[in-house]
Amino acid sequence: MGYSNEGYQATNRRVSRVSRHAEKRAQQRCIDKASLPLVLAYGQREFDGQGGIRYLMTADSIESLRRAVGHTQRVDALAGVYAVVSTEDSTLITVGHRFG
């Protein structure tokens, strides 16, 4: 059984470590840390203007992920989730939900 990976955009940046702040925010904001690699792989990338790259799960990102893994509640829960990774040392700085 093959899996479709249509629309997959691999990231060039790997997270070298997760900051304590990011761990705490993930727990406080009920963001499953096991889902963060999906955010980094499928999230729309943009510079945050403060030395980081923000990976945001937009509607297009969610649709690409659904094409790859199917429509699940876990995928739906990632809508609006973002992760910020330092451009300096590839540290995951923080995670959160974008509302509005």
Exercise. Closest approach of Val84 and Gly52, non-hydrogen atoms and distance?
Worked result: CG1-CA, 4.3 Å
Problem set entry | For the student: nearest non-hydrogen atoms of Leu78 and Ser35, plus distance | CD2-CB, 3.7 Å
Problem set entry | Glu63, CD atom: more than 12 neighbouring heavy atoms under 6.0 Å | yes
For this session: Answer yes if Val85 and Ile93 sit in the same cluster of Ile, Leu, Val, Met, Phe, Trp and Tyr residues linked by side chain heavy atoms under 4.5 Å apart, and no otherwise.
Result: no
For this session: Determine whether Leu36 and Leu56 fall in the same hydrophobic cluster, where Ile, Leu, Val, Met, Phe, Trp and Tyr are linked whenever their side-chain heavy atoms lie under 4.5 Å apart.
Result: no
For this session: Give the cluster check for Val15 versus Val81: same hydrophobic cluster or not, with ILVMFWY residues linked at side-chain heavy-atom distances below 4.5 Å.
Result: yes
Problem set entry | Side-chain H-bond candidate by donor/acceptor type, Ser61 with Ser64, under 3.5 Å | no
Exercise. Which atoms form the tightest heavy-atom contact between Arg66 and Asp76, and what is the distance?
Worked result: NH2-OD1, 2.6 Å
For this session: Can you measure from NE2 (His21) to CG (Leu92) and round to the nearest 0.5 angstrom?
Result: 9.5 Å
Exercise. Between Val39 and Met57, which heavy-atom pair has the shortest distance, and what is it?
Worked result: CA-SD, 3.8 Å
Problem set entry | Nearest-0.5 Å distance, CZ of residue Arg25 to CZ of residue Arg20 | 13.0 Å
Exercise. Does the side chain of Asp60 pick up a donor-acceptor pair with the side chain of Thr58 at under 3.5 Å?
Worked result: no
Exercise. Which atom pair, heavy atoms only, marks the closest approach of His97 to Tyr82?
Worked result: N-CE2, 3.6 Å
Exercise. What closest approach, in Å, do Val18 and Glu23 show between heavy atoms, and which atom pair accounts for it?
Worked result: CG1-CG, 3.6 Å
